[in-house]
**Q** 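Dropping a structure here in C-alpha cells format, bear with me for questions.
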Amino acid sequence: MSKAVIAIHGGAGAITRAQLSPEKELLYIKALSEIVEVGQSVLGAGGSALDAVTEAVRLLEECPLFNAGIGAVFTHDGTHELDACIMDGNTLEAGAVAGVSHIRNPVLAARQVLEHSPHVLLIGRGAENFAQQQGLEPVSPDIFFTQERWDQLQRARTSQQTVLDHDGGEPINSDTKFGTVGAVALDQYGNLAAATSTGGMTNKMPGRVGDSPIIGAGCYANNANVAVSCTGTGEVFMKTLAAYDIAALMEYGGLSLQQATERVVMEKLPALQGSGGVIAIDNEGNVALPFNSEGMYRGYGYVGDAPNVGIYHSQEH
C-alpha cells in the first residue's frame, strides 16, 4: 500500500521577489508548513483522505493570507461571494457551493452537500439555508473583511480592472495572482480526495462563478487514477475541464501523473492564455505540483516526513 500523502496550494501567479520581504515570505512558508502538518497528522491517525483535505482547506480558509474564507476578495459591489468544492475519489460523490456570503467555511458546506443532499452544487441563498439546516451557523459577511482586500478593491475600481489577487507589498502581482486554495490527499486505505475553495477575483461581477466549485474544472478525484485541485485563470480551467483532463489523459492516454499534469498546465492551458497551476496526487502516491506562472504557494508531505513547501520555481523548504 502506498504511503499516505497530502498536498495543498494557496494560489499561483507572477511573483516578483523584489516585492516579497523575507518576513512576509516566512509567514507564507510557516502557514503552508503548519497546514501540511495538520493534514499529515489526520492521515497518520488513520483518517480518510476526505477528512484530511476538508481540514486542510478549512485552515486555509481561516488564514487571511489566502483568498478564501477570511481574507477573501471583494466583488465590484463591495460584497463577498465564496465558492468551494470537495470530491471523494472512492465513491465519486461530490459536493459544492457557489456565491455564498454567510458561510464561514465554504468547504464545510460543500462537505455537507456531499454527505447529506442528493445534489452536487448548491448556490447562493439555497446553499446558505441548507448549510444552516446542517448545523453550520450563519455569519455576517463582515467576518471576511481585511483592510488589504478593501484597499485592493478601491485600486481595482479606479483602474476598472478585474484583479486576480495580491498586490503592493505582496509577493504576487495583483493582475496575475489567482487566489484559490486547495488540497489533495491519498490515505492509507488507498482512497483519494480533493477540495478547492476561493473568494474569486477582486472587482468581479456579482454572480460570477469560476472553476473552483465546478467538478472536473477546478476539482476532481477518482481512485482509478488521480486527485486534482486547480488555481489559475478560472474561465480557461472551465473551458478545458483541466482537472478532469488530467485524469482522462492518465486513463485513456496512458500518461503518467507527471506527463498528464505537464501536458495540461504547460501546453493546453497556455494555448488559451491560461495561467496558473495544479496540485495532484495519483493512486500510487506520486505528487505533482506544476505551474506555468512564476510561482505558486504550495506544500506537500508524506506521513512521517517533514513537509516540503515552496513559493517559487525549484524551491522547496
**Q** Is a side-chain donor-acceptor pair under 3.5 Å present for Asp151 with Gln147?
**A** yes
**Q** Taking all non-hydrogen atoms of both residues into account, name the closest pair between Arg157 and Gly78 and its distance.
**A** NH2-N, 3.5 Å
**Q** When the ring centroid of His313 is compared with that of Phe291, is the distance short of 6.0 Å?
**A** yes
**Q** Do you see a donor-acceptor pair shorter than 3.5 Å between the side chains of Gln258 and Asn286?
**A** no
**Q** Taking all non-hydrogen atoms of both residues into account, name the closest pair between Phe74 and Leu153 and its distance.
**A** CB-CD2, 3.6 Å
**Q** Within a 6.0 Å radius of atom CD1 on Ile123, are there more than 12 heavy atoms belonging to other residues, nucleotides or ligands?
**A** no
**Q** Give, for atom OH of Tyr297 and atom OG1 of Thr180, the distance between the pair rounded to the nearest 0.5 Å.
**A** 12.5 Å
**Q** Where the side chain of Ser212 meets the backbone of Ser197, is there a donor-acceptor pair that is under 3.5 Å apart?
**A** no
**Q** Would you say the side chains of Gln152 and Thr202 form a donor-acceptor pair under 3.5 Å?
**A** yes
**Q** Drop me the distance from Arg263's CZ to Asp245's CG, to the nearest 0.5 angstrom.
**A** 9.0 Å
**Q** Verify, without hydrogens or angle tests, whether Asp282 (side chain) and Leu257 (backbone) share a donor-acceptor contact under 3.5 angstrom.
**A** no
**Q** Can you name the nearest heavy-atom pair linking Asn283 to Leu186, along with the distance?
**A** O-CD2, 4.2 Å
**Q** Return yes if some donor-acceptor pair links the side-chain N/O of Asp187 with the main-chain N/O of Asn191 below 3.5 Å, else return no.
**A** yes
**Q** Heavy-atom distance under 4.5 Å between the side chains of Lys3 and Asp305, does that happen here?
**A** yes
